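First, the structure itself, so that you have it in front of you.
Numbers here are sequence positions counted from 1. These numbers were taken from a predicted model, which means no experiment stands behind them. Worth knowing before you read on, the calculation uses all heavy atoms, side chains too, and leaves out hydrogens, waters and symmetry mates.
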Amino acid sequence: MNDDVQTPRGKRVPTSLAALALGVREGTIRQWARRGKITRYGTKRQALYDLNELAALAAGESAT
């Protein structure tokens, strides 16, 4: 099992797919991670984001 891809919470995806999933720019994903709005996983060279966390964020934003 590759820990960089699978987690107990869900699948982790790179910045480009995270942005596509939420319909925002990659820079927005990076800003949210810097501000603590979402958790950044992965290595220094490759950022990964948890799909379940992104889905929860999208659900919260669409309700506002």
> For the atom pair CG (Leu48) and OG1 (Thr15), what is the distance rounded to the nearest 0.5 Å?
Replying inline: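 Nearest 0.5 Å value for the CG-OG1 distance: 7.5 Å.
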
> From Leu17 CG over to Glu26 CD, what is the distance, rounded to the nearest 0.5 angstrom?
Replying inline: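 One finds 9.0 Å between CG of Leu17 and CD of Glu26.
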
> Can you tell me how far the CH2 atom of Trp32 sits from the CG atom of Leu54, to the nearest 0.5 Å?
Replying inline: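 Between atom CH2 of Trp32 and atom CG of Leu54 there are 8.5 Å.
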
> Looking at Pro14 and Tyr49, what are the two nearest heavy atoms and their distance?
Replying inline: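 Shortest heavy-atom separation between Pro14 and Tyr49 comes out as C-CD1, 4.4 Å.
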
> side-chain hydrogen bond (donor to acceptor under 3.5 Å, both in side chains) between Thr39 and Glu53: does it pass, once the steps are laid out?
Replying inline: CA-CA 8 Å; Thr39 307; Glu53 187 177 357; 3.2 Å; yes

> Which heavy atom of Ala58 sits nearest a heavy atom of Leu22, and at what distance?
Replying inline: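 Residues Ala58 and Leu22, closest heavy atoms: CB-CD2, 3.3 Å.
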
> CZ/Arg40 to CG/Asp50 distance, rounded to the nearest 0.5 angstrom?
Replying inline: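 Reported to 0.5 Å precision, the distance equals 14.5 Å.
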
